[in-house]
Amino acid sequence: MKRFEKYIASVMVAISLSGSAVWADYIRERAPATSEAQLSAAFSKADFVRRLQQVLQSGSVADALSLYDEVPADYATDTDLCLLKASLLVSSNKLAEAKAICEDLDKREPGNEDVVELLAYIARLQGNTTEQTKQLKTLLAKDQYNVRANIGLAESAFDKKNYSLARQYYQRALVREPENEDALFGLGQSDYFLGSKNPSMDKEAEASFKKILEKNPTYAPAYAYLAKLASANSQYKIASDYVQQAIKYDGENYNYVLDYGMYECKLGHFDAAEREWTKAIGMQPSYFLAYAYRGGLYDEQDMVSKALEDYLNVIKCNPDYYYAYESIGVLALHEKQWARARAAFQKCYEFDKGQNISYPLMITYCYYMEGNKLEAKKFSDKILRKMDRSSIEYAMLRVWHDQAGEMPLPQKIAALDNGNKKGKMYFYLGLYYDMFGGKEFAMENYTKVLGMNSPMIFEYRLAEWSLKPENGVSKN
């Protein structure tokens, strides 16, 4: 809505400078006893717009729209006032009403650029990209360098992640207005995303953002993207300095605070990272991302209970965030919260669609640890029926189900070529012994897991904990 806020402001200024009647005072004092003709004669667009400005500054858009009830019939179809009303309706998300006004204006004044652009913007908000493109190309057919049309088409292309096309439209807008802030920022954003495949574009993006700041040193988004560029090149101190400037000029921006925490974390300033992510949570307590970042920080520092609390908030805010469930499962195991761990791994199993044997094994394990041997066997039996009987994964779960027949497994695991898979299978063999009375064999297998040096699998961490007497995973 940024461009239309500028439009509203510019029209208001233009109209307010064009008259000197004191209609606002007149209408307040005399309206009850005044005829429609007298009202029309006394009406001043300039005073009406000045009153709109005052209400918007101290009230709400709804209050501003209510002033239109006092506009005389002779001015009901005034183009400027109708466009202002339509723009205010868009601001209130009353898109159907705004569109109706614009369509009526378009019939009366075909080709009015402000009307066509607002129709295009309404179409975009309604998700009608075909209609949006049609309206904007109407403007381009008259003038290929029309700034607003090119920016609108660029935004549409950008939304579809077609950054090359967006770049072309932004460049065309800049032919007419080389210092247009919206076009420069859009061009910089497009170049930033193109830079993921072509690093040379980073310099182009940097140049656009810095050009904005030459004219407008308070433009927070430019600082934020300069920080992203620095971070992409591992220049975290520079990134942190830039994003602090963004926060200086827009301290309520959640994403800036989130990024600040990330850059500080990369610098090893963990207290600062925690502080910023905690601040972000305070700003948007119902959004999951800051919880995920802070939870990860706590997790890396083995602050298990705090990490678990944050991950639980992640799924409360975003139940589809798969990675949090695995972390909850692992941390709940550490805390011996078997039912919570089982529920988390069950969600992992559902998201994973049965591809990773770790989740069925962990669900079975949790049932055993809850003392529910019957459910452990029922669940594992259901899984076994769907598995390839020749696979080592089947053999492992079969042993868990039967609580016997593990002896061929050490040889089969030793023959595996994949390091992660071998480490995983050693862990589950160790966990089998841990559950069913072979503590010495369990420790031996956990040690083999660590020897595989596969920290990317969560079983590696569980093996580490299990080798510490105070943190063993399967203590009864």
Side-chain angles (χ1 to χ4, degrees), residues 295 299 302 304-305 307-312 314-316 319 321-387 392-404 406 409 423-439 441-443 445-446 449 457-476:
D299 206 348
D302 277 333
V304 175
S305 60
L308 182 56
E309 182 180 354
D310 271 352
Y311 287 133
L312 288 169
V314 169
I315 62 169
K316 181 180 178 181
Y321 194 71
Y322 161 78
Y323 298 104
Y325 289 104
E326 185 175 289
S327 295
I328 289 168
V330 171
L331 296 173
L333 289 178
H334 182 279
E335 301 295 280
K336 299 178 179 55
Q337 298 176 6
W338 312 120
R340 172 168 281 167
R342 174 170 52 80
F345 285 122
Q346 182 67 45
K347 292 295 290 187
C348 292
Y349 176 68
E350 292 168 8
F351 280 115
D352 182 66
K353 301 185 185 302
Q355 298 301 305
N356 188 341
I357 189 60
S358 297
Y359 304 136
L361 282 164
M362 276 301 172
I363 293 166
T364 303
Y365 168 73
C366 289
Y367 275 127
Y368 277 129
M369 298 312 296
E370 291 175 83
N372 197 337
K373 183 177 177 180
L374 178 61
E375 285 300 324
K377 287 185 175 292
K378 282 174 62 177
F379 175 78
S380 55
D381 182 65
K382 181 177 68 174
I383 302 299
L384 286 166
R385 292 172 185 271
K386 304 174 185 178
M387 295 179 69
I392 193 169
E393 291 88 352
Y394 177 89
M396 183 65 71
L397 187 56
R398 180 87 259 172
V399 165
W400 280 39
H401 176 277
D402 297 344
Q403 298 180 35
E406 76 279 4
L409 279 172
K424 185 180 291 189
M425 289 298 107
Y426 274 133
F427 173 77
Y428 288 111
L429 182 59
L431 201 55
Y432 167 80
Y433 287 123
D434 218 344
M435 283 191 289
F436 302 120
K439 195 68 179 177
F441 290 126
M443 296 299 107
N445 280 281
Y446 293 149
V449 176
I457 59 173
F458 70 78
E459 290 86 355
Y460 185 94
R461 189 178 189 192
L462 294 175
E464 281 188 310
W465 283 341
S466 295
L467 288 169
K468 297 176 182 177
E470 72 278 12
N471 289 329
V473 171
S474 61
K475 296 290 188 293
N476 284 297

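I363 places a side-chain heavy atom less than 4.5 Å from the side chain of Y367. Here the side chains of I357 and M425 are in contact, with some heavy-atom distance below 4.5 Å. In this structure, the side chains of Y322 and C348 come closer than 4.5 Å at one or more pairs of heavy atoms. Between Y428 and E459, some side-chain heavy-atom pair lies under the 4.5 Å cut-off. Residues L308 and H334 are not in side-chain contact: their nearest non-hydrogen atoms beyond the backbone lie 4.5 Å or more apart. Proximity of Y365 to R342: side-chain heavy atoms (C-beta onward) are nowhere separated by under 4.5 Å. Two residues are said to be in side-chain contact when any heavy atoms from C-beta on lie closer than 4.5 Å; Y349 and M362 fail this criterion. Using a 4.5 Å heavy-atom cutoff, the side chains of K336 and W338 are in contact.
Here the shortest heavy-atom pairing between P360 and I383 reads CB-CG2, 4.0 Å. Scanning all heavy atoms of the two residues, the minimum distance from A341 to G329 falls at CB-O, 3.6 Å. Across all their heavy atoms, V449 and G423 have their closest contact at CG2-O, 3.3 Å. When all heavy atoms are compared, the tightest approach of G430 to A442 is O-CB, 3.2 Å. Of all non-hydrogen atoms in I457 and K424, the two that sit nearest each other are CD1-N, 3.7 Å. Closest approach of A404 and Y432 over heavy atoms only: N-OH, 3.3 Å.
In this structure, the separation between CE on M443 and CG on D434 is 5.0 Å, given to the nearest 0.5 Å. Annotation: the span from D381 atom CG to D402 atom CG amounts to 9.5 Å, rounded to 0.5 Å. The line from CG of L333 to CG of L462 is 6.0 Å long, rounded to the nearest 0.5 Å. M387 contributes atom CE, which lies 6.0 Å from atom CG of L397 (distance to the nearest 0.5 angstrom). Rounding to the nearest 0.5 Å gives a distance of 9.5 Å between CD of E375 and CD of E370. In this structure, OG1 in T364 is found 10.5 Å from CG in L431, a value given to the nearest 0.5 Å.
Applying the side chain to side chain contact (heavy atoms under 4.5 Å, CB included) rule to K377 yields the partners Y368, K373, H401, Q403; only residues at least two apart in sequence or on another chain are considered. The side chain to side chain contact (heavy atoms under 4.5 Å, CB included) search around D352 returns Q355, N356, Y359, not counting sequence neighbours. When the side chain to side chain contact (heavy atoms under 4.5 Å, CB included) test is applied to K316, the partners found at least two apart in sequence or on another chain are N313.
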_Before you tell me yes or no, could you show the steps for R461 and E464 under salt bridge (Lys or Arg N to Asp or Glu O under 4.0 Å), namely the whole-Å CA-CA distance, both residues' side-chain angles and the distance that decides it to 0.1 Å?_
CA-CA 5 Å; R461 189 178 189 192; E464 281 188 310; 5.9 Å; no
Criterion side-chain contact (heavy atoms from CB on, under 4.5 Å) on Q346 and F379, from CA distance to verdict:
CA-CA 11 Å; Q346 182 67 45; F379 175 78; 4.0 Å; yes
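The ring pair (Phe, Tyr, Trp, His ring centres under 6.0 Å) test with F458 is passed by exactly one of Y323, F427, F345: F345.
E335 and S305 share no donor-acceptor pair across their side chains, judged by distance under 3.5 Å alone.
Y325 and F351 have tilted rings, their planes meeting at an angle from 30° to 60° on a 0 to 90° scale.
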